[in-house]
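One structure is given here, and the rest of the page talks about it.
Being a predicted model, the structure only gives us computed values, none of them experimental.
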Amino acid sequence: MTETFRHSGEYPQQQSAAPVHHGGTQGGTAHGAWPPPPAFAPEEPQAPAPRRRRAKGPVALIAAVAIAAAAVGGGTAYAVQTLTGRDGGTSATSTDVVPTSKKGTVSGVAEAVSPSIVEVGAQTAQGKSTGSGVITTSDGEIVTNNHVIAGATSVKVRTDDGKTYDAEVVGADSKKDLALLQLKGASGLKPATLGNSDNVRVGDEVVAIGSPEGLTGTVTSGIISALDRDVTVATGEGQEQPQSPEGGWPFEFDGRQFNGDTGSSKTTYKALQTDASLNPGNSGGALIDMNGNVIGINSAMYSPSSSQGGSESASSGSVGLGFAIPIDAVKDDLGKLRSGSKT
């Protein structure tokens, strides 16, 4: 539009003087000696300069409309990237959630994202299963792991401000170990911002927030240790609770089983690996980048044995082996979960 404004200003300068000059010369010529040049007769009333000056108004209007259209286009693109709940709540994707003054700090991420993380308590026939969840809409839509709520007869959710809500299971996908809850009577909650796990790189700093051992709002930090790890977790009911004296919950990695037998009910997925500390109760919580975007849903961890004496416990390996479902896989599954599918 800048080029259009320049051309509109140039044309009057190029066509203003010539007709006036020739008309003055002809007025001083001897009578009958030279006939008036016919070419100048139509040019005299044209007055091209004023008309082009008047055109500036419409051009400016077109420019304003174009700018407005660009703004609306940007808004439309943003709306396409949002996740819309049944009651109009939304969760934006890939933005800078952490204030500029606190960007890149664990405290900044914790402050910005903690209100979007909840504790999930599921009552099952085996007892109570405790996990975590991520708010995806302001009206109380919650993403968590399927193994947190599998076989639940009732589900309660506690938000960061201490309020407790009854929740219903809207959809579940045991193959992806994901479930979707809806809080009853909730409004005005703070949705998490869902990022893009395709952009994650080994060595990126991350923060994990959840409710390990029922300690709501626990924050740990670390890095992304590896990508695309094949992890197999149990999908049966009550699996969030410790299944053996060693603690933890059953899962397999690289053909090996940890903390008990996963049984026949299990699923395998490609996971993000992190050394951020995860413990039972972190399942369903958020793995977050340093801009405050959720890049994964925490789902499994390795817990070394501590029941056979101090020497073996000391050499049993690092506890910094945690795994999270990439957020892109979660976003791909949300439509299915919202439709009420339970598989």
Report the distance from atom [atom1] of [X] to atom [atom2] of [Y], rounding to the nearest 0.5 Å.
| X | Y | atom1 | atom2 | result |
| --- | --- | --- | --- | --- |
| T267 | K175 | OG1 | NZ | 8.0 Å |
| S341 | L180 | OG | CG | 11.0 Å |
| I149 | S283 | CD1 | OG | 12.0 Å |
| E205 | T274 | CD | OG1 | 11.0 Å |
| T232 | D230 | OG1 | CG | 7.0 Å |
| R201 | D289 | CZ | CG | 12.5 Å |

Heavy-atom side-chain proximity of [X] to [Y] below 4.5 angstrom:
| X | Y | value |
| --- | --- | --- |
| T130 | E119 | yes |
| V118 | T159 | yes |
| V155 | E168 | no |
| D139 | Q182 | yes |
| N282 | M301 | no |

Which heavy-atom pair separates [X] from [Y] by the least distance, and what is that distance?
| X | Y | result |
| --- | --- | --- |
| Y165 | G185 | CE2-O, 4.1 Å |
| G284 | V134 | O-CG2, 3.7 Å |
| L278 | A208 | CD2-CB, 3.8 Å |
| T137 | P191 | C-CG, 3.9 Å |

Check whether [X] reaches the backbone of [Y] with its side chain - one donor and one acceptor, N or O, closer than 3.5 Å.
| X | Y | answer |
| --- | --- | --- |
| D161 | K163 | yes |
| S116 | K190 | yes |
| T144 | G133 | no |
| D177 | H147 | yes |
| S211 | S132 | no |
| N298 | A286 | yes |

Practice item. Could you go through the side chain to side chain contact (heavy atoms under 4.5 Å, CB included) check for V219 and I209 one step at a time? Key: CA-CA 5 Å; V219 177; I209 304 179; 4.1 Å; yes
What residues form a salt bridge (charged side-chain N to carboxylate O under 4.0 Å, His left out) with [X], not counting sequence neighbours?
| X | value |
| --- | --- |
| K336 | D173 |
| K102 | E111 |
| D204 | none |

Practice item. Classify the side-chain pair T136/E141 by whether it contains a donor and acceptor separated by less than 3.5 Å. Key: yes
Practice item. Not counting sequence neighbours, which residues clear side chain to side chain donor-acceptor pair (under 3.5 Å) with T164? List them please. Key: none
Could you pull out every donor-acceptor pair under 3.5 Å between side chains of residues 220-228 and any protein atom, sequence neighbours left out?
unit_1: T220; atom_1: OG1; unit_2: S277; atom_2: O; d: 2.9
unit_1: S225; atom_1: OG; unit_2: D275; atom_2: N; d: 3.3

Give the table of side-chain donor-acceptor pairs shorter than 3.5 Å for residues 319-330, with sequence neighbours excluded, one pair per line with atom names and distance.
unit_1: D328; atom_1: OD1; unit_2: S197; atom_2: N; d: 3.3
unit_1: D328; atom_1: OD2; unit_2: S197; atom_2: OG; d: 3.4
unit_1: D328; atom_1: OD2; unit_2: D198; atom_2: N; d: 3.3

Review point. For L181, which of V157, I135, L337 qualifies under side chain to side chain contact (heavy atoms under 4.5 Å, CB included)?
Key: V157
**Study point:** I297 reachable from L334 in the ILVMFWY side-chain graph, under 4.5 Å edges
**Key:**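 Looking at the clustering, I297 is in the same group as L334.
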